[in-house]
2 protein chains.
Amino acid sequence: MAKQKRDAAATRSKIIQNAMELFAKKGFDGVSVDEVAAASQINKAMIFYYFKNKAGLYEAVMQGVLDAIYEEIVEADKCCDNTLGELKAFIATYASFAKRYPYFPALLLRELSDSGAHLPELMFESMKKLFVLLSGILEKGEREGVFKEVIPMIVHFMIIGTLNLYVTTQSLRKRVYEEDGLDTCCGCEIEEIAEYIYKKILLMLEVDNEKNICCS
Amino acid sequence: MAKQKRDAAATRSKIIQNAMELFAKKGFDGVSVDEVAAASQINKAMIFYYFKNKAGLYEAVMQGVLDAIYEEIVEADKCCDNTLGELKAFIATYASFAKRYPYFPALLLRELSDSGAHLPELMFESMKKLFVLLSGILEKGEREGVFKEVIPMIVHFMIIGTLNLYVTTQSLRKRVYEEDGLDTCCGCEIEEIAEYIYKKILLMLEVDNEKNICCS
DNA sequence: GATATAATCAACCAGTTAGTTAAATTTATG
DNA sequence: CATAAATTTAACTAACTGGTTGATTATATC
């Protein structure tokens, strides 16, 4: 099967991939359609052909990545039937996703910075879905007496805020480490950070011991 | 004293104020110089007269706000000579600043999203200074045996990540609350959030009791 | 009140932007 | 092979971009 000269699906996903990288690095307004076309080695008109306009391209990028992370977290949470395992899976999966899609945190932080001005409905639904998921875990834990004094919204921000900042500040942290020798966690893998956050959240929510076992 | 027809300082700060608001809402590339001029009711050329170019205006906005928050936190930390008080002052002052300068969190998150691409040196120095400050408090606490298992960088991100997200998501949270009745902390003042974060961080760092007294 | 200087403005410029169009080329299908 | 549909292209446009210029106006100082 020789490489086809035309492959709509491949062209489409190539555009999305390049657009994702560029939007993450420079934001919606910082990227021109010409730029995306050049990076994808296609004619600019293709972008309008596939995505109608620049906003449509942006929405396709965000929709894809937001749906993907939600699905992954839902899937990961299934594997556990105890509250602590679900919380751990939530944090670990978010971290794992951010590692595989390093552009995601920047895209998200940018979008939150303007309260989802570019994508009001999409951001609204996505933020809500993720929050409802974590919130469910935390409230279940509180009912079970596992967690104490939970404010789900703030715990949610603690988790995703920390992980997002950790990923987006990578180059800044590296520079601070190299020039000033400060410990900015440059040697850490994000999995270790996720583990640390999980442990600290347990302490924070006053989980009293290790009688609760959670999956791997 | 009749209102002067010309007042350089007032014009300058009027431009900065409007630019700060616009940059926070739409990002560097999302705002045009014409837009800032129109919002400030001045001629566009004035912006180039005072700030040389668009980047100069942006830098003036960020420099002002970053210097201001650093100064405030340094000042607040002086009033306490015990470690817990300093930590509390750090969190409370950051929150108080974010309340008075509601555009600051969005500006910061945007700048971090592109690793300070617009302002490499300024972001580098500012991020470093704030981190060194908190890091000093946390490491002192660890030496004193007050804090346990501290990773300063992550604790730093937990504090500023949470507070920044709380402020920037205000309108999204409000909508989620109104349409779905979920508790998104819309009734909370940021001071309460800061207090909650402080308490949770104490638990997290395994501060064992309240023998340590901190200032108001 | 003359004058130098600081502050302000309207009009302009060249380059870039998102988006369009109509034609060309490839591919599937009968 | 013919025809239609899907895909790709180059060339184009109208609006907007950051930035400049040279003239104009207000203010302080002598």
Side-chain angles (χ1 to χ4, degrees), chain A residues 1-63 107 110-111 114 117-119, chain B residues 1-63 107 110-111 114 117-119:
Chain A
M1 183 156 54
K3 190 164 71 179
Q4 278 189 296
K5 283 193 176 176
R6 290 185 172 189
D7 185 340
T11 304
R12 216 189 117 97
S13 79
K14 188 168 61 176
I15 295 171
I16 292 227
Q17 200 54 41
N18 286 290
M20 173 156 50
E21 181 171 342
L22 287 166
F23 282 140
K25 282 184 182 156
K26 315 208 262 176
F28 181 81
D29 296 293
V31 177
S32 73
V33 177
D34 295 81
E35 210 174 342
V36 177
S40 312
Q41 291 173 292
I42 48 102
N43 189 281
K44 172 168 66 151
M46 298 303 297
I47 290 170
F48 295 92
Y49 177 70
Y50 283 116
F51 304 99
K52 189 182 169 199
N53 53 28
K54 188 184 177 183
L57 169 61
Y58 184 70
E59 188 171 346
V61 167
M62 292 297 286
Q63 183 81 255
L107 289 170
R110 278 180 202 284
E111 203 54 39
D114 47 29
H118 292 110
L119 302 167
Chain B
M1 185 154 58
K3 192 164 70 179
Q4 277 189 298
K5 284 194 174 177
R6 291 186 172 186
D7 185 339
T11 304
R12 215 189 117 98
S13 78
K14 187 168 61 177
I15 295 171
I16 293 228
Q17 200 54 41
N18 286 290
M20 173 158 47
E21 183 172 341
L22 287 166
F23 282 140
K25 283 185 180 155
K26 315 210 262 176
F28 182 81
D29 297 294
V31 177
S32 73
V33 179
D34 295 80
E35 213 174 341
V36 177
S40 312
Q41 291 173 291
I42 47 102
N43 190 280
K44 173 165 71 148
M46 296 307 296
I47 289 170
F48 296 93
Y49 177 69
Y50 283 116
F51 304 101
K52 190 183 168 195
N53 54 27
K54 188 184 177 183
L57 169 61
Y58 185 70
E59 189 172 347
V61 166
M62 292 298 285
Q63 183 81 257
L107 289 170
R110 276 180 203 283
E111 202 55 37
D114 47 30
H118 293 110
L119 301 167

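Proteins come first, then strands; the chains are lettered A, B, ... in the order of their sequence lines, and each starts at number 1. Since we're looking at a predicted model, the values are computed, not measured.
Side-chain contact between B:His118 and B:Asp29: present, with at least one pair of heavy atoms (C-beta onward) separated by less than 4.5 Å. With contacts defined as side-chain heavy-atom distances shorter than 4.5 Å, the pair B:Val31/B:Tyr58 does not qualify.
A:Asn53 places a side-chain N or O within donor-acceptor distance of the main-chain N or O of A:Gly56, the cut-off being under 3.5 Å.
Note: A:Asp114 CG to A:Leu119 CG = 8.5 Å, rounded to the nearest 0.5 Å.
Residue A:Thr11 places no side-chain N or O under 4.0 Å from the OP1 or OP2 atom of D:dT7.
For the pair A:Arg12 CZ and D:dT8 C1', the computed distance is 16 Å after rounding to whole Å. We find that OH of B:Tyr49 is positioned 5 Å from C1' of C:dA7, with the value rounded to whole Å. A:Asp29 places its CG atom 18 Å from the P atom of C:dT16, with the value rounded to the nearest Å. Counting to the nearest Å, the P atom of C:dA18 and the CZ atom of A:Phe23 are 9 Å from each other. Nucleotide D:dT17 holds its P atom 7 Å from the CD atom of B:Glu35, rounded to whole Å. Atom C1' of nucleotide D:dT17 and atom NZ of B:Lys26 are separated by 14 Å, given to the nearest angstrom. Look at CG on A:Asn53: it is 5 Å from P on C:dG19, rounded to the nearest Å. Between B:Ile47 atom CD1 and C:dA7 atom P the separation is 16 Å, expressed in whole Å.
Among the atoms of the strands shown, none is found under 4.0 Å from any heavy atom of A:Phe51. Counting non-hydrogen atoms under 4.0 angstrom, B:Val31 reaches the backbone sugars and phosphates but no base.
With D:dT8, D:dG18, C:dA18 as the choices, the nucleotide that has an atom nearest any side-chain atom of A:Asp34 turns out to be C:dA18. Listed nucleotides: C:dA18, C:dT8, D:dG18. Nearest to the side chain of B:Tyr50: C:dT8. In this structure, the nucleotide among D:dG18, D:dT8, C:dA18 sitting nearest to the side chain of A:Val33 is C:dA18. Taking every side-chain heavy atom of A:Phe48 into account, C:dG19 is the closest of C:dG19, D:dT20, C:dT8.
Aromatic ring orientation, A:Phe23 versus A:Phe28: parallel (interplanar angle below 30°, classes split at 30° and 60°).
Side-chain atoms of A:Lys44 come within donor-acceptor range of the base of C:dG19, with a qualifying N/O pair under 3.5 Å. On a pure distance criterion of 3.5 Å, a polar donor-acceptor pair joins the side chain of B:Asn43 and the base of C:dA10.
Across the interface with DNA chain D, nearest-nucleotide mapping of B:Ala45 and A:Met46 shows A:Met46 to be the residue nearer the 5′ end.
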